[in-house]
Chemist: 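Can you keep this structure in mind? I'll have questions shortly.
Whatever order the structure lists them in is the order used to number ligands and atoms, beginning at 1.
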Amino acid sequence: MKKLVFATNNVHKLAEIRDVVSGQYEVLGLQDIGCNEDIPEPYETLEENAYAKSSYIAENYGIDCFADDTGLEIEALNGKPGVYSARYAGEHKSFDDNMNKVLAELEGEENRRACFRSVISLIMNGEEKQFEGVVWGTMLKEKRGTQGFGYDPIFQPDGYAQSFAEMPLDEKNKISHRAKAVGKLIAYLTE
Ligand code: IMP
């Protein structure tokens with residue numbers, strides 16, 4: 001099976017992607033290649049941050065690699081938290097702190113439209129290619145469910161009565177932003 005490095009230490013994301021590509025690729029995480037560095041993501045766009053990570057691994061480890069960057073983009077907040085999704089309530093704050101900040105900012109707001117957007121940067125044979133996945137939905141008024149991670153308890157994807165955190169992982173994986181971006185990545189890799 002062909003090996004590919006996914007430039008992340010996030011066990012949730014590795015599990016999701018392995019579930020989607022199982023049988024086609026062996027996906028290694030940063031720990032599997034002995035990379036313990038915290039790769040900087042200093043930019044203002046998902047595209048630039050994804051490339052910062054993939055190019056870091058490709059240049060320093062000489063291995064084909066992909067990296068993703070994801071943000072929750074809320075219409076009523078002009079696209080925030082966006083690229084700041086991981087640290088919206090501040091550095092070293094929890095998923096709960098971030099959700100509480102979003103819920104407070106949306107208090108009394110009628111426009112609950114939002115999307116998760118993932119950008120994957122693949123570096124293969126020295127060339128970069130990017131793939132985007134988007135899932136639209138509604139910001140809930142309270143947290144529901146315990147599955148998943150991040151903002152899952154307060155995001156309900158279009159066409160479903162459950163929040164992402166109320167869905168089994170394999171259900172979320174069929175429709176998620178990351179699954180869509182990975183689907184495009186896999187289509188490209190196998191074409
Ligand atoms: P990352 O850049 O992919 O690590 O994502 C940045 C932040 O977006 C994470 O720390 C989460 O707060 C949030 N996020 C990313 N993917 C998801 C998801 O599938 N569900 C909920 N929140 C997510």
Chemist: Evaluate whether atom CG of D170 has more than 12 neighbouring non-hydrogen atoms of other residues, nucleotides or ligands under 6.0 angstrom away.
Modeler: yes

Chemist: What protein heavy atom sits nearest atom 16 (N) of ligand 1, and how far away is it?
Modeler: R178 NH1, 3.2 Å

Chemist: Less than 4.0 angstrom from a charged side-chain N to a carboxylate O is my criterion; do R117 and E132 meet it?
Modeler: yes

Chemist: Can you tell me which residue and heavy atom of the protein come closest to atom 3 (O) of ligand 1, and the distance to 0.1 Å?
Modeler: K13 NZ, 2.7 Å

Chemist: Any atoms of ligand 1 less than 4.0 Å from a non-hydrogen atom of K172? List them with their elements.
Modeler: 18 (C), 19 (O), 20 (N)

Chemist: Contact between ligand 1 and R87 is defined here as a heavy atom of the residue under 4.0 Å from a ligand atom; is it met?
Modeler: no

Chemist: Tell me which one of A50, A67, G82, G150 gets a heavy atom nearest to atom 11 (C) of ligand 1.
Modeler: G150

Chemist: For atom 5 (O) of ligand 1, what's the nearest protein heavy-atom neighbour? Residue, atom name and distance, please.
Modeler: T70 O, 3.4 Å

Chemist: Heavy-atom distance under 4.5 Å between the side chains of F155 and M139, does that happen here?
Modeler: yes

Chemist: Checking a contact table here: which protein heavy atom is nearest atom 2 (O) of ligand 1, and how many Å away?
Modeler: D69 OD1, 2.7 Å

Chemist: What's the shortest distance from atom 23 (C) of ligand 1 to any protein heavy atom, and which residue and atom give it?
Modeler: F116 CE2, 3.6 Å

Chemist: Please test D69 against Y43 for side chain to side chain contact (heavy atoms under 4.5 Å, CB included), starting from the C-alpha separation and ending with a verdict.
Modeler: CA-CA 11 Å; D69 203 23; Y43 299 107; over 6 Å; no

Chemist: Can you pull out the closest protein heavy atom to atom 20 (N) of ligand 1? Residue, atom name and distance to 0.1 Å, please.
Modeler: D152 OD1, 2.6 Å

Chemist: So for N98, does at least one of its heavy atoms come nearer than 4.0 angstrom to any atom of ligand 1?
Modeler: no

Chemist: Just heavy atoms, cut-off under 4.0 Å: does F149 contact ligand 1 by side chain, backbone, both, or neither?
Modeler: both

Chemist: Got the closest protein heavy atom to atom 8 (O) of ligand 1, with its distance?
Modeler: S85 CB, 3.4 Å

Chemist: Could R112 and E109 be called an ion pair, given the rule that one side-chain N must be under 4.0 Å from one carboxylate O?
Modeler: no

Chemist: Just say parallel, tilted or perpendicular for the rings of F116 and F164, cut-offs at 30° and 60°.
Modeler: parallel

Chemist: Side chains of E73 and L46: does their closest heavy-atom pair fall under 4.5 Å?
Modeler: yes

Chemist: Return the closest protein heavy atom for atom 22 (N) of ligand 1 as residue, atom name and distance.
Modeler: Y151 N, 3.1 Å

Chemist: Regarding ligand 1, does H177 bring an N or O atom to under 3.5 Å of one of the ligand's N or O atoms?
Modeler: yes

Chemist: Could you tell me how the ring of F66 sits relative to the ring of F6: parallel (under 30°), tilted (30 to 60°) or perpendicular (over 60°)?
Modeler: parallel

Chemist: Can you confirm whether the side chains of S94 and D97 place a donor and an acceptor under 3.5 Å from each other?
Modeler: yes

